[in-house]
Number of protein chains: 2
Amino acid sequence: MALGKDYTGQDCSLSRGLELLGERWTLLVVQNALYGVRRFNDFQVRLDIPKAVLSDRLARLTEGGVLEKRQYQPSPPRFEYLLTDAGVELWPVIYSLSAWSHRNIGGEPPRLFRHASCGSGLLPSSDCPECGSIPPGEVEMYPGPGPKRTDPVSRAMNRPRRLLEPVVPA
Amino acid sequence: MALGKDYTGQDCSLSRGLELLGERWTLLVVQNALYGVRRFNDFQVRLDIPKAVLSDRLARLTEGGVLEKRQYQPSPPRFEYLLTDAGVELWPVIYSLSAWSHRNIGGEPPRLFRHASCGSGLLPSSDCPECGSIPPGEVEMYPGPGPKRTDPVSRAMNRPRRLLEPVVPA
DNA sequence: CTACCTCGGTTCAGTCATTGAACCCTGGCT
DNA sequence: AGCCAGGGTTCAATGACTGAACCGAGGTAG
């Protein structure tokens with residue numbers, strides 16, 4: 001990750017994971033991909049991230065097998081970044097870290113999550129208390145009490161929706 | 001986190017969590033604290049981290065309520081850093097990210113984990129497949145097939161042991 | 001009493017990453 | 001012909017990380 005140096009000498013899987021995912025912005029990009037963001041411009045608008053950094057992060061995540069870059073129309077050529085299966089498997093990591101942060105740092109969450117088919121809120125592990133482990137496609141996201149961004153991408157995301165459902169700004 | 005700028009403008013808990021935990025080395029420090037490392041020097045030896053950075057990370061984690069600094073002997077004055085309850089709650093986050101990295105990036109793990117009382121390996125969520133959610137104190141860590149560091153702290157850690165049990169280098 | 005050792009740091013110059021603004025190119029649209 | 005959108009690249013300034021050197025309090029061996 002940062003500073004050209006990797007975590008050489010470290011012997012654990014975590015350090016290898018952090019080389020790919022541990023840089024600034026990277027996990028927020030993955031989070032937004034889970035929320036349905038797919039296009040360069042939409043990531044940029046929603047995250048307020050410098051374009052050069054976004055470009056780098058999308059490229060690394062693509063190399064690393066977390067995202068896949070696809071052309072979604074031939075002309076003008078336009079691209080989107082989709083989560084791979086490996087990328088989707090990051091949902092429990094991202095949710096559990098969000099949940100930890102909410103419990104231990106505070107702040108009102110702008111978005112809440114529930115199991116779409118039974119309506120239960122999720123456990124910190126991202127499991128459903130009634131049904132156990134559930135895939136992200138069955139998780140419904142809906143507005144919570146916290147403050148929300150007002151850019152078009154965030155507004156499109158604030159309507160109740162499943163994870164992974166593509167965001168289409170107005 | 002990095003660059004004096006925080007993730008201002010972001011509206012999610014995750015960004016607040018990453019301000020505290022998302023810097024280089026921070027999560028590895030917490031991981032090693034879960035593995036039983038407590039002293040400045042032991043972190044430094046095991047992680048090969050610049051002392052200035054370690055000093056900064058321990059201070060931030062202490063401010064942030066993840067660690068607690070304690071003097072464990074009066075003379076000469078010596079200190080240790082213990083995980084708070086909030087810090088211990090990071091175990092599922094760290095384990096699930098490690099497990100993801102192992103599945104999706106590869107490499108042999110130097111350490112494996114099982115539920116001490118029933119002997120089952122852990123699910124990716126860090127739950128026991130037989131007993132469900134278990135506290136870190138009931139997780140036993142034992143050597144896996146992967147390469148291991150040979151510094152004294154790592155060697156002390158490579159004996160089978162519970163999470164959180166203090167590491168005592170030879 | 002002196003020299004040396006450990007622990008737990010701090011200081012500092014050099015290197016590398018991030019930022020934000022400016023620019024660029026392709027291909028529509030008017 | 002001129003303008004716009006999407007998806008980037010370039011570049012100077014700023015800030016973080018690195019590694020080596022240094023430091024001070026308190027033991028301890030000679």
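Letters go in sequence order (proteins before strands), and every chain restarts at 1.
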Interatomic distance, A:F43 CZ vs D:dG8 P [rounded to whole Å]: 12 Å
B:E23 side chain reached by B:V53 side chain, heavy atoms, under 4.5 Å: no
Strand-adjacent residues in residues 63-75 of chain A, judged by heavy atoms under 4.0 Å from DNA chain D: A:K69, A:Y72
Under 4.0 angstrom between A:S55 side-chain N/O and D:dG7 OP1 or OP2: no
Side-chain N or O of A:R57 closer than 4.0 Å to phosphate OP1/OP2 of C:dT18: yes
B:V93 side chain reached by B:V30 side chain, heavy atoms, under 4.5 Å: no
Residue B:P77, side-chain atoms from C-beta onward, closest of D:dC17, D:dG26, C:dT10: D:dG26
Interatomic distance, B:E23 CD vs D:dT18 C1' [rounded to whole Å]: 15 Å
Closest to the B:F79 side chain, choosing from D:dG8, C:dG8, D:dT10: C:dG8
Sub-4.0 Å heavy-atom contacts from residues 30-42 of chain B onto DNA chain D, ordered by number: none
Distance in angstrom units between B:L54 CG and D:dG19 C1', rounded: 14 Å
B:Y81 side chain, from C-beta outward: closest of C:dG9, C:dG27, C:dG20: C:dG9
Between A:R38 and A:Y72: side-chain donor-acceptor atoms closer than 3.5 Å: no
Check: B:L97 and A:L18 side chains under 4.5 Å, non-hydrogen atoms: yes
Given C:dT6, C:dG20, D:dC17, the nucleotide with the shortest approach to the side chain of A:P50: C:dG20
Of the listed nucleotides C:dG8, D:dT10, D:dC17, the one nearest the side chain of B:K51: C:dG8
Nearest-angstrom distance from the residue atom CZ of B:R78 to P of D:dG24: 16 Å
Criterion side chain to side chain contact (heavy atoms under 4.5 Å, CB included) against B:F43, the qualifying member of B:L58, B:L28, B:I49: B:L58
Distance in angstrom units between A:I49 CD1 and D:dG7 C1', rounded: 14 Å
Shortest non-hydrogen separation from B:N158 to B:P143 and the atoms involved: O-CG, 2.9 Å
Side-chain N,O (B:R24) to OP1/OP2 (D:dT18) below 4.0 Å: yes
Approximate separation, where rounding is to 0.5 Å, of B:Y95 OH and B:H102 NE2: 9.5 Å
Salt bridge flag under 4.0 Å for residues A:R39 and A:E80: no
OP1 or OP2 of D:dA16 under 4.0 Å from side-chain N/O of B:W25: no
Inter-residue atom distance A:I94.CD1 - A:Y35.OH, 0.5 Å rounding: 8.0 Å
